[in-house]
Amino acid sequence: MTLMENRSAAIPAPREITTKPRRSDQIFRAVVTLGGMSSLVILGLIALFLSIKGFNVLKVEQLSFITESKWEVLQDGEGKIAESTFGLAAMLIGTFLSAFIAVIVGVPIAVLSALYLTFYARGSVKKFLVSLIDLMAAFPSLLFGFWGFIVLMGSAEYWAKLLNKYLGFIPLFDVPAPIFERSPFIAGIVLAIMIIPIVTAISREIFDQTPLDRIQAAYALGASKLSMIRAVVIPYGRGGVVGGAMLGLGRAMGETVAVYTVLNVVYQINWQVLFGAGGNVASLILLKFGEAGPEEVDALMAAGLVLFLLTLVVNAISDILINTFGKKGR
Amino acid sequence: MQSTIPTPQTPWATSIQQRLNTAGLIMLGAVLAGVAVKTTGLSGKLGFATSFFFIASLLIFIQQLRLRDLQAAKDSLLSSFASLAIVLTLIPILSIVGTVVVKGYKGIHFGMFANDMTMASVNDPVTAGGLLHALVGTIIMVGVALMISFPIGLLTALYLTEIRGKLARPIKFLVQAMSGVPSIVAGLFILSILVIPVTQELTGLMGSLALSILMIPTIARTAEEMLLLIPNELREAGVALGATQWRTVSGVVVPAAKSGLVTAVILGIARIIGETAPILLVSGGADALNFNPASGPMGSLPFYIWKAFLTGGTEEAYARAWGGMLILLIFIVVLFSLARYLSGRKVA
């Protein structure tokens, strides 16, 4: 009798099972979701407020804001603004030019370095090199700029003269006057040095994800390192490496301080990369901001908006490439 | 009967003889490059380095071709170019660190940690004035930026790893996109949303807000990686013991990822401590000590370096700038090593 009583006491009453979270969890989920949306909110606000501030200028200039290359504020006798024209084209060209030089110089070095780190370096040497390059990625751009100005300028000027001497017949390497200091070419090299650690890190991660069985299979078939890399690693990692290069391009396009210190920022279209004049959008903003009146500030906001959208697009493409090729492979 | 146990052999490894041969070839390359510099139009360090590289790779190429075949020779070319690339990557790092240490050493003196620049101009001898105001300003601005960024970054990471809602994929994408926002745009944004329409004043707080925009994605991404390292069994164990999700996350997951989260914070600080462009736009930049981020311009290390470098022009100003740079670099190296050390110890 006592046994039966005990048993019925041991079996609890059946209860409802629900998947509805408790109050505390509902609050928790709401708070975390709200916090998770912050990046969306911030990016949205950036686009919104730069557009609001830049709206007046963009409305007046319309498409010529990015196609014309004239940035002038004319004042009358009383210091009032008589006429102003804002066209960003020269600086947009400068942005692309220096960023492309950075990618052309930097990416091959970065990818080969990544190959070295993944397939040649071993043990503690590899560990040391990897942390050294990661550390370099954390150096502030101010440091790169000053180093470029004080240390690199001399050598880079010498390389520029060499290029001009032997390849001067190509319009790109021609100069109107023998001024080789502070040219887009040197700015491009500084930017290349800045993006090398970033592109190396991403390429190395991509190469590390190459399936080991395919590498082993290639070696088992008698492949040398070169043919293994050509047959397995490159096809597997191509997209990711291109994504890494795009990320480097984005960084190079948005760089301000390094370009400002190295480059002689002059508002003109300059295709001749060895000649000491040029600029990019970010350095223009920094240069003009100090003495800008309200209207010019609006124009600079619009320039910031253009730069923001440009880097956003480049970053988006790179992110898609890295994620589709990096994680799953082919 | 005595049986001999054969010692393990590695016949595929490069023998000492081969290593010596290669070293000999590289030496020969150096000698030939020296001859080329002397006899032909090539000159200087660049000429020597270029000819050395090409002659040495050619010699190794020929050696491999004679010993083995064309495949092996091509393979040796790849290793030559990969080694060249890593050397080219390392030269700037070593040069940068060397330059900062050699030039910055002269700009460091004990009094600089006790004085600000109110009574000194950048062109005065380096013993006059100091960077106390810059140090204090940087610490306050980074601290405030951290207080803003850490909760937001952690919540974003928790959303991506714990809630894993429908929007996880787009949010991840947006965080990535946010990390690519140019630093000057962050400064312009704070100007357009707060400084011009509301406060009309450049303060340290505005600098902190601009820095937060750059810091949030770094913290969010690192924290997400660290939270992903926490084994799922821990979460399941928490829930199986009857804990709510909130209790599981706050009592199990976050404490387990503590050192990882500290790493995220450190990397976030290292990301923004040397950031210059937004500081120049919104923090005002002062030469006097200012402890209040909410009012008045505030100095900072990058601004101190920038001012000494661009407005000076004398030896003293440069020494001052490099001295500040050395302090900044020491900060970054220490933070970075700390992050390495913490993330090296496996999480939990």
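Just so we're on the same page: letters track the sequence lines, and every chain starts at 1. All of these numbers come straight from a predicted model, not from anything done at the bench.
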Bottom line for A:Ile52: the part with an atom under 4.5 Å from chain B's heavy atoms is neither

Return the CG to CE distance between A:Leu143 and B:Met325, rounded to the nearest 0.5 Å.
5.0 Å

Checking B:Leu267 against chain A: side chain, backbone, both or neither under 4.5 Å from a heavy atom?
neither

Identify which part of B:Leu84 has an atom lying under 4.5 Å from any heavy atom of chain A, answering side chain, backbone, both or neither.
neither

Pick one of side chain, backbone, both or neither for A:Leu132, based on which atoms fall under 4.5 Å of a heavy atom in chain B.
both

Atom group of A:Leu305 that falls short of 4.5 Å from chain B, counting heavy atoms
neither

Segment of B:Ile216 engaging chain A (4.5 angstrom heavy-atom cut-off)
side chain

Contact origin within B:Leu328 toward chain A - heavy atom pairs under 4.5 Å:
side chain

Heavy-atom proximity to chain B below 4.5 Å, by part of A:Val297
side chain

Using non-hydrogen atoms only, which part of B:Ser76 is less than 4.5 Å away from chain A: side chain, backbone, both, or neither?
neither

Would you mind checking which part of A:Ile27 comes under 4.5 Å of any heavy atom in chain B, side chain (CB onward), backbone (N, CA, C, O), both or neither?
neither

Check whether B:Leu329 gets within reach of chain A through its side chain, its backbone, both or neither, counting any heavy atom under 4.5 Å.
side chain

Heavy-atom distances under 4.5 Å only: say whether A:Thr33 touches chain B with side chain, backbone, both or neither.
both

What part of B:Ser79 gets within 4.5 angstrom of chain A, counting heavy atoms only: side chain, backbone, both, or neither?
both

To the nearest 0.5 Å, how far apart are OG1 in B:Thr99 and CD1 in A:Ile150?
9.5 Å

So which part of A:Lys53 gets closer than 4.5 Å to some heavy atom of chain B, the side chain, the backbone, both or neither?
side chain

To check you understand the geometry: which heavy-atom pair defines the closest contact between B:Leu174 and A:Ser39, and what is its length?
CB-OG, 3.9 Å

Side chains of A:Thr256 and B:Glu275 in contact at under 4.5 Å (non-hydrogen atoms):
no

Ion pair present between A:Asp134 and B:Arg340, side-chain N to carboxylate O less than 4.0 angstrom?
yes

Drop me the distance from B:Tyr159's OH to A:Met37's CE, to the nearest 0.5 angstrom.
4.0 Å

Pick whichever of A:Leu312, A:Leu34, A:Ile196, A:Leu286 has the most heavy-atom pairs under 4.5 Å with chain B.
A:Leu286

Over 60° means perpendicular and under 30° means parallel, so tell me whether A:Phe146 and B:Trp306 are parallel, tilted or perpendicular.
parallel

Could you give the distance from OG1 (A:Thr261) to CG (B:Leu310), rounded to the nearest 0.5 Å?
7.5 Å

For the student: nearest non-hydrogen atoms of A:Val257 and B:Ala277, plus distance
CG2-N, 3.7 Å

